[in-house]
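Below: one structure, written as structure tokens.
Residue numbers start from 1 in every chain, and the chains themselves are labelled A, B, ... in the order their sequence lines are given, proteins ahead of strands. Basis for what follows: all heavy atoms, side chains included, without hydrogens, waters or symmetry-related copies. What you are looking at is a predicted structure, and each value in this text was computed from that prediction instead of being measured.
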Amino acid sequence: MLTRRDFLQVAAAAAAFTTPLGGMARAAALQKITQKELLEFDSIGQVTLLNFTDIHAHLMPVYFREPSVNIGVGEVNGLPPHLTGKDFLSHFGLKGGTLDSYMLTSEDFSSLAGEYGRVGGLAHMASLIRSIRAERPDNTLLVDCGDTWQGSYTSLQTRGEDMVTAMNALGVDVMVPHWEFTYGEERVKELIGKLKFPFLAGNVLDDEWQEPAFENTAFFERGGIKIAIVGQAFPYTPVANPRYMIPKWSFGIREEMVQAHVTKARAAGADLVVLASHDGFDVDRKLASRVEGIDVILTGHTHDAIPTAIKVKNTLLVASGSHGKFLARLDLDVKNKKVADFRFKLIPVLTDAITPDPEMTQVIKDLRAPYEAEMTKVLGRSDSLLYRRGNFNGTFDDLICQAIMEERDTQIALSPGFRWGASILPGQDIRVEDVYSQTSITYAKVYRQSMKGALLKDILEDVGDNLFNPDPYYQQGGDMVRVGGIGYTMNVAGAMGKRISDMTLLATGEPIDPGKEYVVGGWASVSPGTEGPEVYDLVSDHIERKKVVNMQPNRAVKVVNG
Amino acid sequence: MSDTVSNVAILDRRQVLTAAGAVAVAGFVMGPGFAFAKPEDAAARVKEATGGAAVKEGRITIQLPQIAENGNTVPVTVSVESPMSDADFVKVAHIFVDGNPTPDVASFHFSPMSGKADFSTRIRLAKTQNVIVVAQMSDGSFFTASQQIKVTIGGCGG
């Protein structure tokens, strides 16, 4: 029989691939989980890699519901992270109703949220990091896999600077970017100038001469060994986000360049090579099978929280979730330039169990002070769970689509399938900053225009292929575009351009006519010169007018597989 | 300056729409209204270039983005494995595409003096399609490689 300690401590070797993050039973939860338990870990080896990703500028604790739909296509069908709910729990040998279930799935989310409370908060994360550093002062390396500077009221107001201040205070050792680029070339350069640590993007080239635009590798000495961190930015930034903001930079997966950086790092004497990546999990799974010499990939972008390290050939993949909900800890014992042993734990940043770091608490307070009154203003209340994350429409997306259709008088609304945005529990107030958590981007105008039915289908097909192309190298961007006013059926297994059927205008129940024009509203256009109100203002006004919202899960989007 | 070329002088598909429609759609744009070549047309051109000889896979590496950032100017780099000696060299390498108005993109001629059979260029791609390279060796044999590239109309963050 496994002891409690066995559950908490994820062991090395084969077991490490299948052992849960904490196995803390409901009974234990009710006795109150302590910070000490969250941190419990038998350290090994020379190096402790600490990693978080996709915080999306959430300085404060949040609720965050993991997806109930996360479909994998082709070879990754049914493999992590493409498991949800009970399938996820059973794959990792976890039980429902536990902290694991609350942190990693959407099962009983609202009731478990009531029991376990909020997650994340940078002062709480800082407290965990401080403890681990105190225990392993010469061994710890803290890696930020990006999407850090964007996603909140304060980050938008300060154009990313609040997060640079916070990350400097946190003592990050190295970072890689994606949404960081949506502040535009000039601002990105300015902010890099304020960083106390390297900003790596080895797959970004100057578009004119195809020369490196950023540093690609940073070296560190820890525990007596030399560590190379190679950095990979989100490969499709100029496709998924406005290219006009960064016209001089060209991206791409650039596998051959990753290999070149890794080979060079090894030649320079690296004992351990880590890829800090914003590729997304499926892309990095493929990359790990094709690029030689990477010991560890710390992978971001797709927001997956996976409670074990996943081994692909000789590479360990770590996916540490989003919104500051987890701090991943990977201890590595390196012998003869190879990982001889490791231990891994995806540490839940369970807000109420952690004493916040006083220094970071003050930093956050100072950063928020100028905006506190405006952003904490209550707009209304939700009587239902509001969330976004998942392959298709979430209830917060439906609220945004409803707001667009009503406020801009359109038949149809389109809303981007971003993976970020905190959840709102039933009965919870919706404040200004909760709306910004879902909408704070630098290209937020809500357009209103006429679109033919055929184009609408092309859009759905195109975004669908970006999500469900069986080759992950051909996937880009976020989840499926959210729709309001229409329903459709998605055949995930269909060929490119042949996945969407039964498009229906919900108001009349009539099929969408390819030749007919419809009035469509939407936001996050990647085209320059888009006109309309800012989406966060529009949605805030809408909620203020409604006072109480109640969004039930969307049944107009149907998904089939095969 | 290539900046001007890629972003102003040649309107990209997004800008075509912006210019024409005054209001921008969420980066989603209709394809131009002219006729595209079909995959059969590209296959016919391959057949013409090879005189119907057998074509083997291999020896050719194509470096091409999986998804184009700007369909109007897509960087492509090709290298063909060859000793490039008097006895054994690459004579010519053709680039064809199967979704543009015409399948022909470019032909690059080599001699042993070339040293290596590597080349880079930028091509315009109207929509998602395959880029096909066919190389003829000095002994008359043919090799081919191809890669699909998506020219996407939709960007949806992440």
Side-chain angles (χ1 to χ4, degrees), chain A residues 147 178-179 207-208 210 234-236 238-244 247-248 250-253 256 280 301-302 414 416-419 441 447-449 451-452 454-455 458-459 462-463 465-467 469 471 473-474 476-481 496-497 520 522-532, chain B residues 1-31 33 61-77 79 99 120-122 127-130 147-158:
Chain A
D147 279 4
H178 166 203
W179 274 91
D207 198 32
E208 192 160 13
Q210 302 282 300
F234 177 56
Y236 294 120
V239 185
N241 306 95
R243 185 161 56 85
Y244 67 85
K248 290 183 186 161
S250 173
F251 295 60
I253 296 170
E256 69 293 342
H301 180 60
T302 37
L414 298 176
F418 298 144
R419 294 188 178 88
I441 62 172
Y447 61 84
R448 179 182 193 275
Q449 83 153 62
M451 233 185 249
K452 276 200 171 135
L455 177 59
D458 284 351
I459 290 168
D462 209 62
V463 182
D465 193 71
N466 290 338
L467 183 59
N469 192 299
D471 182 345
Y473 281 14
Y474 286 88
Q476 62 97 354
D479 282 310
M480 188 62 188
V481 60
M496 195 189 288
V520 181
W523 62 289
S525 165
V526 296
S527 306
T530 304
E531 289 176 14
Chain B
M1 281 170 35
S2 81
D3 215 9
T4 316
V5 172
S6 61
N7 294 297
V8 181
I10 302 170
L11 287 178
D12 72 16
R13 302 174 70 204
R14 299 174 187 195
Q15 286 164 325
V16 168
L17 180 103
T18 311
V23 261
V25 192
F28 305 123
V29 188
M30 276 172 279
T61 308
I62 306 175
Q63 272 184 48
L64 187 70
Q66 283 84 7
I67 305 173
E69 290 175 356
N70 176 2
N72 277 321
T73 166
V74 178
V76 57
T77 298
S79 54
S120 293
T121 185
R122 290 181 188 234
K127 60 175 187 178
T128 297
Q129 56 189 293
N130 295 297
Q147 190 195 306
Q148 188 185 46
I149 173 163
K150 285 211 300 194
V151 180
T152 174
I153 53 170
C156 254

(request) Pick out which of A:F418, A:Y236, A:F234 makes a ring pair (Phe, Tyr, Trp, His ring centres under 6.0 Å) with A:H301. (result) A:F234
(message) Tell me every residue that passes side chain to side chain contact (heavy atoms under 4.5 Å, CB included) with B:S120, counting only those two or more places apart in sequence or in another chain.
(response) B:T77
(request) Answer with side chain, backbone, both or neither: which region of A:S250 has an atom nearer than 4.5 Å to a non-hydrogen atom of chain B? (result) both
(message) Heavy-atom cut-off 4.5 Å, strictly under: side chain, backbone, both or neither for B:Q148 against chain A?
(response) both
(message) Determine whether a donor-acceptor pair (N or O, by modelled atom type, separation under 3.5 Å) exists between the side chain of A:D462 and the backbone of B:T152.
(response) no
(message) Is A:Y474 close to chain B through its backbone or its side chain, or both, or neither, when contacts mean heavy atoms under 4.5 Å?
(response) both
(message) For chain B, which candidate among A:N469, A:I441, A:D465 shows the most heavy-atom pairs at distances under 4.5 Å?
(response) A:D465
(request) Look at the side chain of A:R243 and the backbone N and O of B:E69, then say whether any donor-acceptor pair between them is shorter than 3.5 Å. (result) yes
(request) Tell me, for A:D471 versus chain B, whether the close heavy atoms (under 4.5 Å) come from the side chain, the backbone, both or neither. (result) neither
(message) Using every non-hydrogen atom in the two residues, find where B:P65 and B:V74 come nearest and quote the distance to one decimal.
(response) CD-CG1, 4.0 Å
